[in-house]
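Notes follow once the structure below has been shown.
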Protein chains: 2
Amino acid sequence: MKKARDMKSIEQALVAFYRNQKRMPTYAEMMDLFEVRSKSVVSYWIEKLIEKGILEKDAQGFLKLSGVSFGIPLVGNVAAGLPVSAEENAHDVVSMDEYLVARPDSSFLLRVTGDSMIGAGIMEGDLVVVERDRQPKNGDIVLAEVDGEWTMKYFRRQGRGVFLEAANPAYSTIHPQSELKIGGVIAASVRKYLM
Amino acid sequence: MKKARDMKSIEQALVAFYRNQKRMPTYAEMMDLFEVRSKSVVSYWIEKLIEKGILEKDAQGFLKLSGVSFGIPLVGNVAAGLPVSAEENAHDVVSMDEYLVARPDSSFLLRVTGDSMIGAGIMEGDLVVVERDRQPKNGDIVLAEVDGEWTMKYFRRQGRGVFLEAANPAYSTIHPQSELKIGGVIAASVRKYLM
DNA sequence: TTGACATTAGAACGTGCGTTCTATATAAGT
DNA sequence: ACTTATATAGAACGCACGTTCTAATGTCAA
């Protein structure tokens with residue numbers, strides 16, 4: 001029987017552990033993960049992974065998975081289709097959190113109700129990531145208060161004035177009279193199909 | 001001067017540290033984080049946070065932020081608008097990774113090209129999360145090979161037959177002759193507005 | 001067969017970790 | 001004023017952690 005103990009299987013074991021436990025395993029735990037019976041063997045493999053750049057040690061000597069290895073692979077585009085072997089052409093690996101939420105401290109999520117932004121591909125039930133403390137630019141989608149209700153609209157700048165436009169012809173464009181209350185700028189939208 | 005050393009500030013310091021370092025700090029590091037000069041004070045506060053349910057210790061005694069506290073708050077829906085104080089009504093906190101990617105080991109990302117699913121609110125440039133090893137149900141959006149090209153279509157089941165339908169009237173429905181190559185089922189779609 | 005190299009096992013070691021103790025300072029309640 | 005509770009500081013302790021050493025085993029080529 002050949003021990004399936006190569007770098008890839010070890011890396012996968014570490015990623016799986018980190019996904020579940022949200023921390024790196026101790027060397028004792030890695031003995032079980034790697035199916036070896038000595039911590040020195042763990043040290044042996046860890047050193048190899050560090051040389052390969054898969055692992056890092058931070059200033060305090062704690063292990064860290066390099067880059068954003070705990071996301072899922074971004075393999076290409078739809079036309080290219082599914083990855084042949086799910087191995088090699090994993091050009092990049094991204095974490096949804098890091099990709100979608102640039103400023104976690106000033107962001108929050110809202111669930112979309114209504115169809116005012118259907119033309120922009122934002123549908124009822126979607127979640128939108130809203131960044132507050134950010135001034136909207138022309139063409140951004142903003143969360144704004146209109147007639148005492150919060151809705152999502154395109155933010156349009158024309159000359160020295162601004163107005164709000166829905167991405168749905170059923171709604172009329174709004175030229176705010178006095179002040180314009182902006183709750184934030186939509187940074188991203190997500191939709192879930194499978195439960 | 002009053003020390004701003006309450007549970008909330010401590011929790012925020014821990015979350016911020018975890019976001020940056022992808023691990024929990026040691027007690028020595030927490031002395032700096034909390035601006036105290038004794039590890040016993042750290043222990044004192046950690047115990048309080050554990051009682052409050054903000055922190056946990058796993059089986060090996062390692063600290064862990066409870067729940068999914070390292071996401072961003074889901075505060076309600078668009079009609080309700082932005083959170084008044086960004087504190088209290090944080091009903092739930094979700095991580096985009098956990099929310100969107102249920103099966104990380106059998107999922108991958110694709111960038112959408114073309115407009116065949118525009119009717120379903122999936123536009124060019126979006127990212128879709130694809131789950132392989134999953135049989136599609138009627139109405140699911142699937143990644144399928146049609147005429148040697150990979151595209152996204154609705155998976156329709158009719159009687160004992162199946163066919164593929166685009167969410168765009170410009171594309172015709174496809175009744176596969178022989179076999180039907182399915183690369184996976186679309187689990188989620190995301191779109192990013194701000195760069 | 002022999003040698004070189006890669007991989008595993010086991011044990012010993014020093015250090016930093018989290019814990020726990022005592023003591024002191026501040027704030028609030030009666 | 002006196003008590004009680006809350007919060008901080010400092011020091012000491014035991015142990016688990018990661019490191020490192022020696023040695024044995026497996027693998028492959030010459």
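Reminder, nothing fancy here: chain letters follow the sequence lines and each chain counts from 1. It should be emphasised that the depicted structure is a prediction, and the values quoted were computed from it without experimental measurement.
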Legend entry - Per K48(A) side chain, nearest of listed nucleotides dA9(D), dA9(C), dT7(C): dT7(C)
Inset, instruction - Let me know the distance between CH2 of W45(A) and P of dA9(C), rounded to the nearest Å. - result: 12 Å
Inset, instruction - Compute the angle between the rotation axes at the two ends of the helix from dT1(C)-dA30(D) to dT30(C)-dA1(D), each taken over five pairs, rounded to 10 degrees. - result: 30°
Inset, instruction - Take atom CG of L63(A) and atom P of dC17(D), then tell me their distance rounded to the nearest Å. - result: 13 Å
Inset, instruction - Side chain of K39(A) only, please: which of dA7(D), dT19(D), dG18(C) is the nearest? - result: dT19(D)
Legend entry - Atom pair distance, as rounded to whole Å: CZ in F34(A) and P in dA6(C): 20 Å
Inset, instruction - Could you check E29(A), M30(A), K22(A) and say which one makes a side chain to side chain contact (heavy atoms under 4.5 Å, CB included) with F17(A)? - result: E29(A)
Legend entry - Given R111(B), R191(B), K192(B), the one that forms salt bridge (Lys or Arg N to Asp or Glu O under 4.0 Å) with D126(B): R191(B)
Inset, instruction - Tell me what T26(A) touches on the nucleic acid: a base, only sugar-phosphate, or nothing, going by heavy atoms under 4.0 Å. - result: sugar-phosphate
Legend entry - Which residues share a ring-ring contact (aromatic ring centres under 6.0 Å, His included) with F62(A), sequence neighbours left out: none
Legend entry - Between CD on residue Q12(A) and CG on residue D105(B), distance to nearest 0.5 Å: 8.0 Å
Legend entry - Between dA9(D) (P) and E35(B) (CD): distance, integer Å: 11 Å
Legend entry - E47(B), CD atom: more than 12 neighbouring heavy atoms under 6.0 Å: no
Legend entry - S38(B), nearest nucleotide to its side chain (from dG10(D), dA7(D), dA9(C)): dG10(D)
Inset, instruction - Among the candidates dT8(C), dT19(D), dG10(D), find the nucleotide nearest to the side-chain atoms of Y27(A). - result: dT19(D)
Legend entry - Closest to side chain of S40(A), choosing from dG10(C), dA9(D), dT6(D): dG10(C)
Inset, instruction - Looking only at side-chain atoms of S43(B), point me to the closest of dT20(C), dT6(D), dA9(D). - result: dT20(C)
Legend entry - Atom-to-atom span, CD of Q60(B) to P of dG18(C) - whole angstrom: 14 Å
Legend entry - Rounded distance in Å - CZ (R37(B)) to C1' (dA11(D)): 15 Å
Legend entry - Whole angstrom value for the distance that separates P of dG10(D) from CE of M31(B): 8 Å
Legend entry - Spatial distance of atom OG (S116(B)) from atom CD (E124(B)) [nearest 0.5 Å]: 10.0 Å
Inset, instruction - Could you check Y44(B) against M30(A) and say which one's nearest nucleotide on DNA chain D is further toward the 5' end? - result: Y44(B)
Inset, instruction - Report the nucleotide, chosen from dG18(D), dT8(C), dG18(C), that has the shortest atom-to-atom distance to any side-chain atom of K57(A). - result: dG18(D)
Inset, instruction - Find the distance M7(B):CE to dT6(D):P and express it as a whole number of Å. - result: 11 Å
Legend entry - Nearest-0.5 Å distance, NZ of residue K39(A) to OG1 of residue T26(A): 8.0 Å
